[in-house]
Amino acid sequence: MPGQTRGVPGTPSPLERFNTAPAQDAERALLACLHSLRWALRMAGHRPYPDLASLLAASDEAAYDLSPEELAEALAAEALPALPEGTYSAAHTALNAAHAAYETKFGHAFVICLDGVPPEETLDRILEDIRSRLANDPDEERVVAAEELRRLARERLTHMLRGAGSRATSHDGAAPGT
């Protein structure tokens with residue numbers, strides 16, 4: 001099945017381990033992917049998932065169902081994306097200023113999924129997106145931020161179950177799945 005590979009015969013796949021983990025362990029792992037208790041409880045409660053695609057589809061559905069309060073809860077737990085090593089201090093200053101303006105306007109952290117963005121383009125993408133999204137009104141930005149959270153959850157779940165180095169991040173530098 002896609003998303004279910006075995007390294008050693010008789011060794012359960014990451015998805016099998018997730019499906020059979022105690023509820024509290026699964027919920028804790030899910031909260032590291034998206035900081036919404038309702039989302040994590042719903043995802044853990046619908047186990048087992050037959051494959052990664054089913055898990056990701058359930059994640060999307062649960063993320064789309066977040067209430068404004070639950071979305072605010074999830075956004076409040078996010079932090080700035082990590083910048084590549086060797087980024088100049090001027091870039092950090094520019095990013096901090098842009099983030100402060102964003103947080104002042106919208107009342108929550110800037111979130112962005114950087115999956116597929118090469119490391120050398122990370123800073124430019126973050127600055128470009130944060131400046132662009134500052135032009136949104138609060139209702140428009142809530143929709144964009146919810147979509148970015150949904151994408152982050154998918155990337156973090158994929159990372160958790162595949163162990164691949166995902167580029168998904170949020171505004172704080174927390175690694176995917178943390």
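Note on Arg154 versus Asp115: no salt bridge recorded, every NZ/NE/NH1/NH2 to OD/OE distance being 4.0 Å or above. For the pair Arg42 and Glu61, the salt-bridge criterion is met [side-chain N within less than 4.0 Å of a carboxylate O]. Salt-bridge formation is detected for the pair Arg150/Asp60: a Lys NZ or Arg NE/NH1/NH2 atom is positioned less than 4.0 Å from an Asp or Glu carboxylate oxygen. The pair Arg151-Glu148 meets the salt-bridge criterion, with a side-chain N (NZ, NE, NH1 or NH2) lying under 4.0 Å from an Asp/Glu carboxylate O.
Cluster annotation: Leu66 is connected to Leu56 through the hydrophobic network of ILVMFWY side chains, with a link wherever side-chain heavy atoms come within less than 4.5 Å.
Side-chain contact check for Ser54 and Asp51: at least one donor-acceptor pair (N or O, by modelled atom type) lies under 3.5 Å. The closest side-chain donor-acceptor pair between Thr158 and Glu155, if any, does not fall under 3.5 angstrom.
Across Leu134 and Tyr102, no two heavy atoms sit closer than the pair CD2-CA, 3.4 Å. Residue Arg133 comes nearest to Ala145 through the heavy atom pair NH2-CA, 3.9 Å, listed as atom of the first residue, atom of the second, then distance. Closest of all the heavy-atom pairs between Ser59 and Ala153 is OG-CB, 4.0 Å.
Legend: residues meeting side-chain contact (heavy atoms from CB on, under 4.5 Å) with Asp124, ordered by chain and number and at least two apart, are absent. Take Ala146 and apply the side-chain contact (heavy atoms from CB on, under 4.5 Å) test, not counting sequence neighbours, and it matches Leu71.
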Trp39/Leu31 under side chain to side chain contact (heavy atoms under 4.5 Å, CB included): CA gap, chis, key distance, verdict: CA-CA 8 Å; Trp39 178 88; Leu31 281 169; over 6 Å; no

Working for side chain to side chain contact (heavy atoms under 4.5 Å, CB included), residues Glu78 and His35: CA-CA 8 Å; Glu78 293 293 333; His35 307 285; 3.2 Å; yes

Verdict with supporting geometry, Asp65 and Arg38, side chain to side chain contact (heavy atoms under 4.5 Å, CB included): CA-CA 10 Å; Asp65 289 343; Arg38 181 170 163 250; 4.2 Å; yes

Side chain to side chain contact (heavy atoms under 4.5 Å, CB included) between Glu147 and Val143, intermediate numbers included: CA-CA 6 Å; Glu147 178 63 15; Val143 171; 5.8 Å; no

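With a 6.0 Å radius and a threshold of 12 heavy atoms from other residues, nucleotides or ligands, Arg17 has its CZ atom above the threshold.
With Ile112 as the fixed residue, the side-chain contact (heavy atoms from CB on, under 4.5 Å) test singles out one of Val117, Asp129, Leu152, Val144: Asp129.
Between Phe18 and Tyr49, the ring planes are parallel. Angles under 30° get that label, and only those over 60° would be called perpendicular.
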